[in-house]
Amino acid sequence: MSADTVMDNCSNCSSCTFLTVEEQIFLSNVKFWMEGVIQLSLAVVGVTTNLVSIYILSRKELSNTFNQLLITLAVFDILYLIIFFIDSIGQVFIPYCTGQYPAWYKLLTPCILYPGKAIFLTCSILMMVSIGVERYMAVYYPFSRIPLNGSEGYRSHCFKKRLFVYIFPVIFFSIFLNIFKFLESKASWKEGSVQLEIRQIRYDPVYLVANSWIRFLVLGVMPVTVIITLNSCIYWAVRRARLDRSGQ
């Protein structure tokens with residue numbers, strides 16, 4: 001990247017004024033390789049492995065609630081990686097080559113890319129909690145987990161209802177938690193070009209503090225606590241069953 005391109009990218013960024021042109025070029029190259037090449041390569045690997053997992057788990061002989069939830073988790077991961085891939089192309093690759101963000105990136109960011117990444121990341125996190133709850137129910141209430149035998153088992157009303165109970169709350173709560181992401185930025189046409197603007201809500205200190213704490217608790221503390229608790233209960237239930245079986 002040339003010095004002129006770097007200066008164009010940083011002309012409106014006051015936080016970069018203390019850096020020399022050489023340092024800005026170095027940081028731009030680091031961003032290109034770290035946030036562009038390496039992360040996109042990992043994204044391609046992630047999409048590929050998730051597609052393989054979906055192919056294997058979608059076999060009829062493996063049709064059960066647990067495997068279907070794993071497929072759902074893989075779908076959420078794939079959607080997140082696809083949006084991440086598109087975002088990186090528009091935010092890193094094209095600006096690195098041309099010195100400016102493309103118009104399509106500015107148009108897609110407020111309504112799809114920015115909120116989409118947050119929603120699907122939340123879906124992936126909460127889906128792991130949902131899978132933990134399903135495993136807990138399978139251990140402590142095994143009679144409610146009777147396998148659905150037969151080729152039509154995975155199409156039965158009971159099976160679909162069971163999946164709905166575990167998947168729908170994840171999707172609903174993920175959208176609800178990130179609904180304000182749609183209001184944080186906007187794209188508008190000015191003087192024949194697309195301008196990406198940050199809305200005032202993004203600068204509101206009350207919103208920033210509340211949003212940070214809510215996401216920390218809901219997407220950090222709560223999932224870790226629930227998963228550790230459920231897995232601990234499952235472990236002790238399995239251990240107790242083994243001890244009872246061995247007669248100790």
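FYI, the numbering just counts along the sequence from 1.
Counting only residues at least two apart or on different chains, the ring pair (Phe, Tyr, Trp, His ring centres under 6.0 Å) pairs with a member in residues 117-137 are Tyr136-Tyr140. Sorted by first and then second residue, the side chain to side chain donor-acceptor pair (under 3.5 Å) pairs with a member in residues 77-93 read Asp77-Ser124, Asp87-Tyr105, Asp87-Lys117; sequence neighbours excluded. Note on residues 217-235: no pairs pass side chain to side chain donor-acceptor pair (under 3.5 Å), not counting sequence neighbours. The stretch residues 28-55 participates, sequence neighbours left out, in no salt bridge (Lys or Arg N to Asp or Glu O under 4.0 Å) pair at all.
Both Val226 and Leu177 belong to a single network of hydrophobic side chains, linked directly or stepwise wherever heavy atoms of I, L, V, M, F, W or Y lie under 4.5 Å apart. Residues Leu79 and Phe173 are members of one and the same hydrophobic cluster, defined by side-chain heavy-atom contacts under 4.5 angstrom among Ile, Leu, Val, Met, Phe, Trp and Tyr. Residues Met222 and Ile131 fall within the same hydrophobic cluster, defined by Ile, Leu, Val, Met, Phe, Trp and Tyr side chains chained together at heavy-atom separations under 4.5 Å. Linking ILVMFWY side-chain heavy atoms closer than 4.5 Å, directly or via other members, places Ile179 and Leu126 in a single hydrophobic cluster. Met128 and Val224 are members of different hydrophobic clusters when ILVMFWY side chains are connected at heavy-atom separations under 4.5 Å.
Remark: Trp104 CH2 is packed, more than 12 non-hydrogen atoms of other residues, nucleotides or ligands lying under 6.0 Å away. When the shell of 6.0 Å around OH of Tyr207 is examined, it contains more than 12 heavy atoms from other residues, nucleotides or ligands. Within 6.0 Å of the CZ atom in Phe182, the count of heavy atoms belonging to other residues, nucleotides or ligands exceeds 12.
Applying the under-4.5 Å side-chain rule to Ile, Leu, Val, Met, Phe, Trp and Tyr, the cluster around Ile56 extends to Val52, Tyr55, Leu62. Taking Ile, Leu, Val, Met, Phe, Trp and Tyr as members and joining any whose side-chain heavy atoms lie under 4.5 Å apart, directly or through other members, the hydrophobic cluster of Trp213 also contains Val209, Phe216, Leu217, Val221.
Under the side chain to side chain donor-acceptor pair (under 3.5 Å) criterion, Asn211 pairs with no residue at all, not counting sequence neighbours. Annotation: salt bridge (charged side-chain N to carboxylate O under 4.0 Å, His left out) contacts of Arg202 (sequence neighbours excluded): Glu184. Gln39 meets the side chain to side chain donor-acceptor pair (under 3.5 Å) test with no other residue; sequence neighbours excluded. The salt bridge (charged side-chain N to carboxylate O under 4.0 Å, His left out) test applied to Glu197 returns Lys186, Lys190, not counting sequence neighbours. Scored by the side chain to side chain donor-acceptor pair (under 3.5 Å) test, Arg215 finds Asn178 as partners (sequence neighbours excluded).
Checked by atom type and distance alone, the side chain of Ser174 pairs as donor or acceptor with a backbone atom of Cys123 at under 3.5 Å.
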### Task
List the steps and the verdict of side-chain hydrogen bond (donor to acceptor under 3.5 Å, both in side chains) for Gln195 and Ser193.
CA-CA 6 Å; Gln195 300 294 327; Ser193 62; 3.1 Å; yes

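Nearest approach of Pro102 to Gly90, heavy atoms of both residues: CD-O, 3.4 Å. Here the closest non-hydrogen pair linking Phe32 and Val92 is CA-CG1, 3.8 Å.
Using a 4.5 Å heavy-atom cutoff, the side chains of Thr72 and Met127 are in contact.
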N/O donor to acceptor pairs below 3.5 angstrom from side-chain atoms of residues 42-49, sequence neighbours left out:
from, atom 1, to, atom 2, distance (Å)
Thr48, OG1, Val44, O, 2.8
Thr49, OG1, Val45, O, 3.0
Thr49, OG1, Gly46, O, 3.0

